[in-house]
Amino acid sequence: MRVTHITDPGCPWAYSIEPSITTLRWRYGDQLEWRIVLIGLTESGAEYEARGYTPDRQAGLGRRFKRYGMPFASEPRSRVPGTGRACRAVVSARMDSVEAGYIALRALRFGWFTSTLLMDEDEAIAEALSRAPELNVDAIMSRIDSPEVEEAYQRDREEARSAAGSPASLQGKTAIRDGVERFTAPSLIFERDEQRLVAGGYQPLAVYDLCVANLDPTLSCRSAPQDPAELLGELPYGLTTREVALAMAGGNDEPDDAAASDALAGLASSGAVQREELGDDALWRPAAVTARVAA
């Protein structure tokens, strides 16, 4: 089954869907074939400023979005950045592999929402990417201005702006800029054979799970992990507390952040897991992976 993930590294709604993406990756593994399509919300921060965005307003996003569980920082930036440059970095990373593109997207999200880095400047983008040891940051940055990256990015932008007449449009989950209707971030499109289901905009995990089940009920669905170490072993690039909590919740149960945090802390005290500070929460990685990278 193919899943097209239409997104942007600078969107807080798209950032907040990461626990659901993690849970889908755990439950269905490589039965889902993921694609990332970048929207390119803004080429410069001036576009945001013209809409009334300020550094203080962006720094306050955590108060609105913290209920979805992802880490945030509250210190304002010196200015509001645009998202186009970071989108191009994801496209460049995607040229190494689909997984590298996804890990780069995550790293840039963390830079966007848990730091004061100016995420439209190359030095800041490289710094954010460097938190993910799986990435070849020099190669990613060396390609960011290449014709290949620009062509692929513009194809992404065009695809993201093809929402007119879609189920997402009917639900009011699209946006119109410059007279063109686009998908909002995040939007997930599930496809199998000639069948296509569109989950436009932010949706709860149950919606995505229902799309998968209806398109192919013959898939195997892995049950929730009983131990965070099992989950981190499968997804070793590092997970936030809420991502672990939601993946460990059964079915459509609510995530238990406190229980997940306690279990992760126990693993950290035993040396099995490493805790990295990330905004007002943490990123958890298997210690064996961290040690291997350090070596």
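Under a 3.5 Å cut-off, the side chain of S142 and the backbone N or O of A139 do form a donor-acceptor pair. Using a distance-only test at 3.5 Å, with no hydrogens or angles considered, a donor-acceptor pair links the side chain of S92 to the main chain of I140. S270 places a side-chain N or O within donor-acceptor distance of the main-chain N or O of L267, the cut-off being under 3.5 Å. Within the 3.5 Å criterion, the main-chain N or O of V180 finds no donor-acceptor partner in the side chain of D178. Of the possible polar contacts, none joining the K173 side chain to the A199 backbone as a donor-acceptor pair under 3.5 Å is found. Side chain of T42 to main chain of Y48: no donor-acceptor pair is present (N/O by atom type, distance under 3.5 Å, no hydrogens or angles). With R161 contributing its side chain and R157 its backbone, the two residues share a donor-acceptor pair below 3.5 Å.
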Exercise for review: Determine, stepwise, if the pair E277 / R275 fulfils salt bridge (charged side-chain N to carboxylate O under 4.0 Å, His left out).
Suggested key: CA-CA 7 Å; E277 295 292 332; R275 182 185 191 276; 2.4 Å; yes
Practice item. In sequence, state the C-alpha distance, the side-chain angles, and the governing distance for Q226 and M248, and then conclude on side chain to side chain contact (heavy atoms under 4.5 Å, CB included). Key: CA-CA 7 Å; Q226 300 301 304; M248 292 183 68; 5.9 Å; no
Practice item. Give the intermediate values and the outcome of side chain to side chain donor-acceptor pair (under 3.5 Å) for residues E49 and T54. Key: CA-CA 6 Å; E49 291 168 357; T54 66; over 6 Å; no
Point to revise | Evaluation steps, side chain to side chain contact (heavy atoms under 4.5 Å, CB included), between V98 and R35 | key: CA-CA 7 Å; V98 173; R35 298 176 60 228; over 6 Å; no
**Study point:** From CA spacing to verdict: side chain to side chain contact (heavy atoms under 4.5 Å, CB included), L283, Y237
**Key:** CA-CA 9 Å; L283 189 71; Y237 45 75; over 6 Å; no
**Study point:** Intermediate values then yes/no, side chain to side chain donor-acceptor pair (under 3.5 Å), R109 and T7
**Key:** CA-CA 11 Å; R109 292 203 206 285; T7 190; 2.9 Å; yes
Exercise for review: Determine, stepwise, if the pair S44 / D120 fulfils side chain to side chain contact (heavy atoms under 4.5 Å, CB included).
Suggested key: CA-CA 8 Å; S44 75; D120 54 3; 5.8 Å; no
Practice item. Would you sort out whether F72 and Y15 count as a ring pair (Phe, Tyr, Trp, His ring centres under 6.0 Å), showing the intermediate values? Key: CA-CA 10 Å; F72 281 89; Y15 179 55; 5.4 Å; yes
Point to revise | side chain to side chain donor-acceptor pair (under 3.5 Å) between T241 and D257, worked out | key: CA-CA 7 Å; T241 305; D257 291 338; over 6 Å; no
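For the pair L24 and T22, the minimum side-chain heavy-atom distance is 4.5 Å or more. Put simply, the side chain of P71 does not reach to within 4.5 Å of the side chain of F113, judged on heavy atoms. Here the side chains of F65 and W13 are in contact, with some heavy-atom distance below 4.5 Å. Annotation: side chain of I21 is not in contact with side chain of E243 (no heavy-atom distance under 4.5 Å). Side chains of L232 and L239 form a contact here, defined as non-hydrogen atoms less than 4.5 Å apart. Proximity of Y68 to I17: side-chain heavy atoms (C-beta onward) are nowhere separated by under 4.5 Å. T240 places none of its side-chain heavy atoms less than 4.5 Å from the side chain of W284. I125 is listed as a side-chain neighbour of M141, based on a closest heavy-atom distance under 4.5 Å.
Rounding to the nearest 0.5 angstrom, the gap separating the CZ atom in R242 from the NZ atom in K66 is 8.0 Å. Distance check: R64 CZ to S16 OG gives 9.5 Å after rounding to the nearest 0.5 Å. Here the straight-line distance linking atom CG of N136 with atom CG of L129 works out to 10.5 Å at 0.5 Å rounding. Atoms CG and CD1, from L108 and I103 in turn, are 12.0 Å apart once rounded to the nearest 0.5 Å. With rounding to the nearest 0.5 angstrom, the OG1 atom of T83 is 5.5 Å from the CH2 atom of W112. Atom CZ of R196 is separated from atom SG of C211 by 11.5 Å, given to the nearest 0.5 angstrom.
The two residues S187 and T184 make their nearest non-hydrogen contact at OG-O, 2.7 Å. Minimum interatomic distance between T116 and R77 (heavy atoms only, all atoms of both residues): O-CG, 3.6 Å. Listed here is the closest heavy atom pair of A249 and A224: O-CB, 3.8 Å.
The cluster map of Ile, Leu, Val, Met, Phe, Trp and Tyr, joined by side-chain heavy atoms under 4.5 Å apart, puts I36 and V198 in different clusters. By the criterion of side-chain heavy atoms lying less than 4.5 angstrom apart, applied directly or through intervening Ile, Leu, Val, Met, Phe, Trp or Tyr residues, L210 is not grouped with W26; the two fall into different hydrophobic clusters. In this structure, L61 is not a member of the same hydrophobic cluster as V80, with clusters built from ILVMFWY side-chain heavy atoms closer than 4.5 Å. Linking Ile, Leu, Val, Met, Phe, Trp and Tyr residues whenever their side-chain heavy atoms come within less than 4.5 Å places V244 and Y102 in a single cluster. Placement of L105 and M70 within a single hydrophobic cluster is found when ILVMFWY residues are connected by side-chain heavy-atom separations under 4.5 Å, directly or transitively.
Atom CG of D30 has 12 or fewer heavy atoms from other residues, nucleotides or ligands within 6.0 Å. Annotation for R51: atom CZ counts as buried by contact number, over 12 foreign heavy atoms lying within 6.0 Å. Atom CD of E158 sits in a sparse spot, with 12 or fewer heavy atoms from other residues, nucleotides or ligands closer than 6.0 Å.
Classification of R88 and D145 as a salt-bridged pair fails, no side-chain N sitting under 4.0 Å from a carboxylate O. No salt bridge links R143 with E148; every basic N to acidic carboxylate O contact stays at or beyond 4.0 Å. One finds no salt bridge joining R177 and E43 here, because no Lys/Arg side-chain nitrogen approaches an Asp/Glu carboxylate oxygen to under 4.0 Å. Under a 4.0 Å N-O distance rule, the pair R222/E234 qualifies as a salt bridge. With respect to the salt-bridge test (charged N to carboxylate O, under 4.0 angstrom), the residues D8 and R182 do not qualify.
Sorted by first then second residue, the ring pair (Phe, Tyr, Trp, His ring centres under 6.0 Å) pairs that include residues 148-192, not counting sequence neighbours, number zero.
Take D209 and apply the salt bridge (Lys or Arg N to Asp or Glu O under 4.0 Å) test, not counting sequence neighbours, and it matches R27. Remark: E127 pairs with no residue by the side chain to side chain donor-acceptor pair (under 3.5 Å) rule, at least two apart or across chains.
Side-chain contact annotation: E159 with Q154, donor-acceptor N/O pair under 3.5 Å absent.
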